[in-house]
There are 2 protein chains.
Amino acid sequence: MCANALKNMITLQKIAQLANVSVGTVDRVIHNRGRVSQKTADRIKRIIKELDYKPNILAQSLSLSRTREYNFGVLVPKPTQDGRYWELPVKGINKAREELNIYRVNTIYFLYDKYSEISFKKAFTKIFQSEKKLDGLIITPVLSQTAQDLIKKIPPDLPYVFLDSYIPQSNCLTYIGEESYQSGKLAATLMDILINSRGTIAAIKVRPKDNHLEDRVKGFRDYFKDKTNVTFKSFKANRKKDVRAFYNITRDIIKDIDNLKGIFVPNSTTYQIAECVKSYALDSGINIIGYDLVEENIFYLKKGIIKFLISQRSELQGYMCIYSLYKNIALHEKLKNKIMMPMDIITKDNIDYYHV
Amino acid sequence: MCANALKNMITLQKIAQLANVSVGTVDRVIHNRGRVSQKTADRIKRIIKELDYKPNILAQSLSLSRTREYNFGVLVPKPTQDGRYWELPVKGINKAREELNIYRVNTIYFLYDKYSEISFKKAFTKIFQSEKKLDGLIITPVLSQTAQDLIKKIPPDLPYVFLDSYIPQSNCLTYIGEESYQSGKLAATLMDILINSRGTIAAIKVRPKDNHLEDRVKGFRDYFKDKTNVTFKSFKANRKKDVRAFYNITRDIIKDIDNLKGIFVPNSTTYQIAECVKSYALDSGINIIGYDLVEENIFYLKKGIIKFLISQRSELQGYMCIYSLYKNIALHEKLKNKIMMPMDIITKDNIDYYHV
DNA sequence: ATTTACAGCGTGTGCGCTAACGCATTAAAG
DNA sequence: CTTTAATGCGTTAGCGCACACGCTGTAAAT
């Protein structure tokens with residue numbers, strides 16, 4: 001039984017035997033360490049391919065553990081921002097780090113204030129002053145304009161992945177996030193059902209400008225473009241000037257619009273809108289659709305004030321970022337350009353099963 | 001840098017040194033191999049706890065790979081049944097098996113016809129005739145009555161997990177599936193929104209009786225119990241007698257009920273209902289809500305005939321079954337009694353992101 | 001002609017853990 | 001009291017892989 005299992009194992013030993021060379025030579029071929037004549041190298045490569053040899057990752061990692069470790073820098077907003085939204089990807093990152101602990105994967109955080117350019121720049125420059133040599137980077141590039149410039153300063157030998165948002169022209173390994181436009185469309189179809197295809201709806205745009213959130217609103221708006229029975233209005237909340245901007249803008253919206261049937265909020269501050277609706281228009285039948293499974297959102301979802309939350313698997317996003325870096329850098333696996341998360345539709349009836 | 005990493009590693013060596021014994025002795029204590037005096041055993045255990053020692057799983061598995069392998073039996077319906085539904089968990093099982101390949105995890109399938117007791121019994125008895133000694137079992141206990149009797153015949157040293165459905169009184173390690181009743185309620189709230197809280201709706205019960213599906217219908221029905229503007233009717237489709245039972249029953253439903261606003265299908269054969277509605281009542285505005293991401297369901301979802309599909313992460317279920325067995329049996333980790341999957345709400349706007 | 005550089009190859013050690021082996025010592029059985 | 005079995009503990013050979021090390025032989029550089 002065991003013998004059988006072992007018999008199926010293809011080891012360097014076997015390859016060496018078949019190729020009539022030492023394991024050292026096989027090793028050199030596999031890792032392109034040179035010092036092997038073209039002829040023998042080709043022979044060995046052929047045999048490797050024929051046998052479909054896959055290194056035993058256990059032995060490999062165990063062996064490498066002596067010499068190699070991986071330090072990944074994480075440049076993300078402070079976890080407490082956006083209603084503690086950023087705790088979610090951070091949670092995923094930490095989970096992955098723990099799992100990959102045996103492979104000596106470490107994370108070094110560089111946190112910044114999402115609404116301050118200076119803070120972002122500061123965090124960015126700290127990356128290069130890190131005492132530990134970094135092997136990879138996770139970047140959440142909010143404040144698109146600023147990020148776009150800074151991203152160019154990253155040396156070409158330091159690979160990075162984008163989390164949540166991304167910069168179009170860049171050499172990132174991959175982008176892990178969500179199809180924002182489509183996500184807005186999804187929200188719109190849900191809203192359409194909720195309001196039975198008639199009435200006035202509002203969407204709240206977020207300042208400072210954020211392409212990611214902008215796209216969500218675009219997707220939402222476009223859906224309603226040729227629905228004649230639905231009136232669409234959009235408003236701006238400037239978070240930079242006022243932490244409670246979403247709450248305050250909502251008061252105006254409620255007051256000014258009659259026949260208001262729904263509000264769409266493209267980010268995790270949805271709870272502020274819910275809070276305001278609860279205070280000023282509880283029984284008005286305003287349907288709120290928003291984003292992300294932060295605690296306060298869940299609270300108002302369960303209360304029935306928020307009807308749908310769309311979740312982009314924030315935790316999984318962080319988790320996959322670390323894994324992607326590890327896979328690419330340590331295992332030399334290729335990555336997809338984009339890794340798009342599912343857009344989970346959350347209601348008060350299924351929320352309880354989304355807590356990991 | 002590396003030295004630092006290694007310094008943090010707690011090894012058997014270190015424990016042995018601290019306890020002033022050999023690694024062999026430490027090993028015996030850890031694995032309860034006996035042959036250690038109570039006194040030294042206690043001392044060693046204390047040290048292990050103090051240091052919070054965790055075995056290096058790489059080295060452990062590498063070492064064990066010489067002698068140990070794990071064979072898991074999988075007792076599930078033929079993958080092609082229920083509109084190829086069962087391919088999904090099987091896919092997950094295979095994926096997990098591949099990932100755990102390095103730990104020498106094998107799977108042995110025992111497939112049966114979901115609608116034939118004889119077939120189920122046959123597959124069940126084959127388990128005990130397996131030439132490979134089985135270390136664990138995955139069981140999907142459809143035909144609850146029959147399964148209930150057979151389950152008792154499993155020897156106590158053969159652990160098993162339930163997939164998809166479960167038998168209340170049993171010694172299973174865990175049940176991986178879905179909260180069926182709640183899932184029906186979720187479907188009901190969606191239906192309620194779709195039909196704007198008025199009209200007649202139908203649910204299709206499945207024969208032969210299946211507790212799992214029955215619970216979904218119960219959850220669905222209970223939601224509408226005190227909604228006076230909604231009339232609920234239920235029908236039975238006997239799949240045992242007729243593979244196209246769902247299609248045929250739908251024809252009757254459409255004909256007999258007027259003001260029909262929605263049909264709820266508690267299983268993956270939803271596409272048959274959609275097919276029928278498409279043929280006989282395309283523009284009637286009948287809203288269909290069903291289950292599971294099988295190909296044909298997705299087809300009608302994208303066409304807009306099925307409005308919502310609820311997915312219970314079928315692939316992940318299979319995946320987690322193997323992992324749970326491995327974790328419990330190989331790594332001696334405790335398992336939760338129940339592992340409940342999220343109930344994903346799928347529409348034509350987010351379906352594309354649920355394909356793994 | 002002599003040094004340097006490096007291709008070409010084998011060997012050996014260690015990553016942390018498991019489990020078999022071996023040798024004492026002690027308890028139980030005859 | 002002897003024989004056998006059970007207990008207590010140390011030692012060590014792998015598991016498959018990576019890589020430093022060391023030894024040749026050849027070609028280029030000096």
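We use all heavy atoms of the structure for the numbers below, so side chains are in, but hydrogens, waters and symmetry mates are not. Residue numbers begin at 1 in each chain, while the letters A, B, ... track the order of the sequences.
In this structure, CZ of A/R104 is placed 14 Å from C1' of D/dA18, rounded to the nearest angstrom. In this structure, B/E69 places its CD atom 15 Å from C1' of D/dC15, rounding to the nearest Å. When rounded to the nearest whole Å, the span between CD1 of A/I57 and C1' of D/dC17 equals 12 Å. Atom C1' of nucleotide C/dT18 and atom OH of B/Y103 are separated by 16 Å, given to the nearest angstrom. Separating the CD atom of B/Q17 from the P atom of D/dG10 is a distance of 13 Å, rounded to the nearest angstrom. Here D/dG16 presents its P atom at 15 Å from CG of B/L58, a figure rounded to the nearest Å. Rounding to whole angstrom units, CG of residue B/L12 and P of C/dC15 are separated by 13 Å. For the pair A/N56 CG and D/dG16 C1', the interatomic distance rounds to 6 Å; values are reported in whole Å.
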Could you walk me through whether B/F124 and B/I154 pass side-chain contact (heavy atoms from CB on, under 4.5 Å), step by step?
CA-CA 10 Å; B/F124 206 99; B/I154 299 175; 3.9 Å; yes
Can B/T140 and B/W86 be said to form a side-chain contact (heavy atoms from CB on, under 4.5 Å), step by step?
CA-CA 10 Å; B/T140 297; B/W86 296 97; 3.6 Å; yes
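Note on B/D27: a base of the nucleic acid sits closer than 4.0 angstrom, heavy atoms only.
In terms of heavy atoms, A/V90 sits closest to A/P79 at CG2-CG, 4.2 Å. The two residues A/I322 and A/R97 have their closest heavy-atom pair at CG2-N, 4.4 Å.
Applying the salt bridge (charged side-chain N to carboxylate O under 4.0 Å, His left out) test to pairs two or more places apart or on separate chains, none has a residue in residues 321-335 of chain B.
Within a 6.0 Å radius of CG in B/D42, other residues, nucleotides and ligands contribute more than 12 heavy atoms.
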Which letters describe nucleotides 9-14 of chain C, given B = protein heavy atom under 4.0 Å from base, S = only from sugar-phosphate, - = neither?
BBB--B
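In this model, the phosphate group of C/dA19 is approached by a side-chain N or O of B/R68 to a distance below 4.0 Å at OP1 or OP2. For C/dT18, the OP1/OP2 oxygens have a side-chain nitrogen or oxygen of B/Q60 closer than 4.0 Å. Not one side-chain nitrogen or oxygen of B/H31 sits closer than 4.0 Å to the OP1 or OP2 atom of C/dA19.
Mapped onto DNA chain C by nearest heavy atom, B/A59 and A/R33 fall at different nucleotides, with A/R33 at the one closer to the 5' end.
Taking the six-membered ring wherever Trp is involved, the centroid distance between the rings of A/Y112 and A/F110 does not fall below 6.0 Å.
Closest approach to the A/Y53 side chain among D/dC17, D/dC15, D/dA18 is made by D/dC17 (side chain taken as heavy atoms from C-beta onward).
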